[in-house]
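Below is one structure; the comments refer to it alone.
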Amino acid sequence: MAPNAHTRFNVPLMCGESYKDQSHELNPALVGNKVSAVVEEMAGGKYTCHLSTGGDYLNYTMVLVQLSQDHAPVILEDMQTSDGAGSVPEHIQCSGHNYNSSFYCTWRRKASRSTAAVLLVKANRGSEKIDCELDAEGLGVWCQENRCPYKEEQQRISIIMYIHSNARLEEYATSFYLHDIVTPESIPNLRHTGAGVFRWDYPESWEKPCSYYGLQFQVKLVRPEEPCHSGAAIGIKTPDFTEGTEYTVFVRAKKYTFCIRARDKFTEGPWSSWSHV
């Protein structure tokens, strides 16, 4: 294409069933209820139909423009938490609390694109469609797959989302195995039972039996004023792991915070958020 050349497309517009063949100002005249409009480059937007020049409004067609993959997306933020240089941006993050085939995917609009709207979300595993429902804010989608939680995963789940800001349309996609995104909920009923002994339970939402869906726990002690994610651990080696639901602490410190989190011990997937006492 020559420099400064512009891409042009003829876009068919529908002008209402009630007004078939009634336009007398078009050349050629309107046939049926269709008219073709020439759209150039980024000149998308709302194209309206009127009965005549300055005449009655009939309806409109929204024309959206999707750029080639050579153009960087501008609607959603990159949600990666690591600073991995050269890594592929992650615009959609998905997670689930167990293997019952339900999961939630979320994204963040850039501040300059706060009014962007989701047009379509599609989820599937191979040729099988997965049912999803967009949340009220348009910032996430709940999905439920009709699948046995004990079945081995042979294919990845694929998510494709179309979102538009004004006349700009962008496509975002991600894919994953369910076992890569399952994150246990926070550890419940964490308590100090005396003599440095701490006990806890499995999350209620975690799959049963626990012998099949075992968890690995990471234990950590920090100073009372420090958060659990702090690197300032005291007393025990960091990290320390256990697969039981009891841990005995042997430290001289009179005050400390006992922190614990969990992950699937077989897949070594994502860690839960920290619980503490």
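Values below: all heavy atoms of this structure, side chains included; hydrogens, waters and symmetry mates excluded. Computed from a predicted model, the values in this text were never measured in an experiment.
Rounding to the nearest 0.5 Å places CD1 of Ile181 at 11.0 Å from OG1 of Thr267. Atoms CG and NZ, on Asp240 and Lys220 in that order, are 12.5 Å from each other to the nearest 0.5 Å. One finds the OG1 atom of Thr183 at 10.0 Å from the CG atom of Asp264 (value rounded to the nearest 0.5 Å). Taking CH2 of Trp142 as the reference point, atom OG1 of Thr106 lies at 10.0 Å (rounded to 0.5 Å). Note that the CG atom of Leu139 and the CG atom of Leu134 stand 8.5 Å from one another [nearest 0.5 Å]. For the atom pair CD1 (Ile157) and CD (Gln155), the distance works out to 10.5 Å, reported to the nearest 0.5 Å.
For residues 126-141, the set of pairs meeting the side-chain hydrogen bond (donor to acceptor under 3.5 Å, both in side chains) definition, not counting sequence neighbours, comprises Tyr104-Asp135. Each ring pair (Phe, Tyr, Trp, His ring centres under 6.0 Å) pair with one or both residues in residues 152-199, not counting sequence neighbours, appears once here: His91-Tyr172, Phe103-Phe176, Tyr177-His179, His192-Phe198, Phe198-Phe258. Identified under the salt bridge (Lys or Arg N to Asp or Glu O under 4.0 Å) test for residues 175-194, with sequence neighbours left out: Arg191-Asp201. Applying the salt bridge (Lys or Arg N to Asp or Glu O under 4.0 Å) rule to pairs touching residues 96-120 yields Glu77-Arg108, sequence neighbours excluded. Sorted by first and then second residue, the pairs that involve residues 138-153 and meet salt bridge (Lys or Arg N to Asp or Glu O under 4.0 Å), not counting sequence neighbours, are Arg125-Glu145, Arg125-Glu153.
Residues satisfying the ring pair (Phe, Tyr, Trp, His ring centres under 6.0 Å) test with Trp274, not counting sequence neighbours, are none. By the side chain to side chain contact (heavy atoms under 4.5 Å, CB included) test, Asn100 is found to be paired with Asn98, Ser102, Glu207, residues two or more places apart in sequence or in another chain being considered. Taking the side chain to side chain contact (heavy atoms under 4.5 Å, CB included) definition, one finds that Ser272 meets it with Pro184, Arg261, Ala262, sequence neighbours left out. In this structure Ser175 satisfies the side-chain hydrogen bond (donor to acceptor under 3.5 Å, both in side chains) test together with Arg156, sequence neighbours excluded. Legend: residues meeting ring pair (Phe, Tyr, Trp, His ring centres under 6.0 Å) with Phe266, ordered by chain and number and at least two apart, are absent. Qualifying side chain to side chain contact (heavy atoms under 4.5 Å, CB included) partners for Gln216, counting only residues two or more places apart in sequence or in other chains: Phe241, Arg263, Lys265, Trp271.
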Give the intermediate values and the outcome of side chain to side chain contact (heavy atoms under 4.5 Å, CB included) for residues Asn189 and Tyr202. CA-CA 9 Å; Asn189 201 21; Tyr202 267 57; over 6 Å; no
Verdict with reasoning, Thr257 to Val277, per side chain to side chain contact (heavy atoms under 4.5 Å, CB included): CA-CA 6 Å; Thr257 298; Val277 63; over 6 Å; no
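Closest approach of Cys94 to Thr174, counting heavy atoms only: SG-CG2, 4.3 Å.
Side-chain contact between Cys105 and Gln93 is absent, with no heavy atoms from C-beta onward closer than 4.5 Å. Cys259 has its side chain out of reach of Leu221: every pair of non-hydrogen atoms, C-beta onward, lies at least 4.5 Å apart. Within the 4.5 Å cutoff, side-chain heavy atoms of Asp78 are placed close to those of Glu90. For the pair Val182/Tyr99, a side-chain contact is recorded, criterion being any heavy-atom separation below 4.5 Å from C-beta on. The shortest side-chain heavy-atom distance between Glu170 and Val74 falls under the 4.5 Å cut-off. The closest side-chain heavy-atom distance from Met161 to Glu171 is not below 4.5 Å.
Centroid-to-centroid, the aromatic rings of Phe217 and Trp200 come within less than 6.0 Å.
For Asn166 (side chain) and Arg168 (main-chain N/O), no donor-acceptor pair under 3.5 Å exists by modelled atom type.
Atom CD of Glu204 is surrounded by 12 or fewer heavy atoms from other residues, nucleotides or ligands within 6.0 Å.
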Side chains of residues 114-123: which donor-acceptor partners sit under 3.5 Å, not counting sequence neighbours?
none

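Cys132 has its SG atom within less than 2.5 Å of the SG atom of Cys143.
Taking hydrophobic clusters as Ile, Leu, Val, Met, Phe, Trp and Tyr residues chained together by side-chain heavy-atom distances below 4.5 Å, Val197 does not share a cluster with Leu190.
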